[in-house]
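Below is one structure, written out as structure tokens, with a few remarks after it.
In this text the structure is predicted, and so the values were computed from the model without any measurement. Basis for what follows: all heavy atoms, side chains included, without hydrogens, waters or symmetry-related copies.
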Amino acid sequence: QVQLVESGGGLVQAGGSLRLSCAASGGTFSTYGMGWFRQSAGKDREFVAGITKWSGASTHYGDSVKGRFTISRDNAKNTVYLQMNSLKPEDTAVYLCAVDHQGFGLRAESFDYWGQGTQVTVSS
């Protein structure tokens, strides 16, 4: 079945930008809604962004990242991206790629599979 490999994490200064990638293999990527969650020490997993299987249809963002992060997908490459701008220290977390097999990718409770994650650290 689907396998997710996140990349692009690292250490950046506050105000900087970072682009995360999630490459999917197996399954049928074009039928999945995709999303990003994040998890930091002592906190619950937080929904960051989601996108429907129809890349031009609809996206949804958590309140804390609206206006700063952008999710996109390239079905030809079986890849979903998260462009993160104006990063803040509170964005520090492990970012996990996620699959919504129903295809919508717009409701946090609809995601049912996550990758291993990539660490993002934002210094002040």
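The same ILVMFWY cluster, assembled from side-chain heavy atoms under 4.5 Å apart, contains both I51 and M84. The cluster map of Ile, Leu, Val, Met, Phe, Trp and Tyr, joined by side-chain heavy atoms under 4.5 Å apart, puts L96 and M34 in different clusters. Two different hydrophobic clusters hold V94 and Y113 under the rule that ILVMFWY side chains link at heavy-atom gaps under 4.5 Å.
Cation-pi contact between R19 and Y81: present, with separation from the ring centre below 6.0 Å and deviation from the ring axis of at most 45°.
To the nearest 0.5 Å, the span separating OH on Y61 from CD1 on I71 amounts to 6.5 Å. The line from CG of L4 to OG of S25 is 8.0 Å long, rounded to the nearest 0.5 Å. Rounding to the nearest 0.5 angstrom, the gap separating the CD atom in E6 from the OG atom in S21 is 10.5 Å. Considering OG1 of T118 and CZ of R38, their distance stands at 14.0 Å, rounded to 0.5 Å. Rounding to the nearest 0.5 Å places CG of L20 at 8.0 Å from CZ of F69. In this structure, NZ in K53 is found 10.5 Å from OG1 in T28, a value given to the nearest 0.5 Å.
No side-chain heavy atom of V12 sits under 4.5 Å from any side-chain heavy atom of T121. Residues Q102 and S110 are not in side-chain contact: their nearest non-hydrogen atoms beyond the backbone lie 4.5 Å or more apart.
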Would Q83 and S72 satisfy side chain to side chain contact (heavy atoms under 4.5 Å, CB included), going step by step from the backbone distance to the final call?
CA-CA 8 Å; Q83 178 66 47; S72 62; over 6 Å; no
Show your working on salt bridge (charged side-chain N to carboxylate O under 4.0 Å, His left out) between K88 and D91 and close with a plain yes or no.
CA-CA 5 Å; K88 305 174 181 179; D91 294 319; over 6 Å; no
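A pairwise comparison of heavy atoms in G9 and V120 identifies CA-CG2, 4.1 Å as the closest pair. The two residues K77 and T79 come nearest to each other via the heavy atoms O-OG1, 2.8 Å. Listed here is the closest heavy atom pair of L87 and R68: CA-NH1, 4.0 Å. Across all their heavy atoms, P89 and A14 have their closest contact at CD-CB, 4.1 Å. When all heavy atoms of L106 and S58 are compared, the pair lying nearest together is CD1-OG, 3.7 Å. In terms of heavy-atom proximity, G10 sits nearest to L18 at N-CD2, 3.9 Å.
Checking N85 against S17 by side-chain atom types alone, a donor-acceptor pair falls below 3.5 Å.
T92 places a side-chain N or O within donor-acceptor distance of the main-chain N or O of V122, the cut-off being under 3.5 Å.
Annotation: salt bridge (Lys or Arg N to Asp or Glu O under 4.0 Å) contacts of E90 (sequence neighbours excluded): none.
Applying the ring-ring contact (aromatic ring centres under 6.0 Å, His included) test to every pair with at least one member in residues 13-41, sequence neighbours left out, gives these pairs: Y32-H101, F37-F47, F37-F111, F37-W114. Pairs of residues two or more places apart, or lying in two chains, never qualify as salt bridge (charged side-chain N to carboxylate O under 4.0 Å, His left out) while including a residue from residues 106-124.
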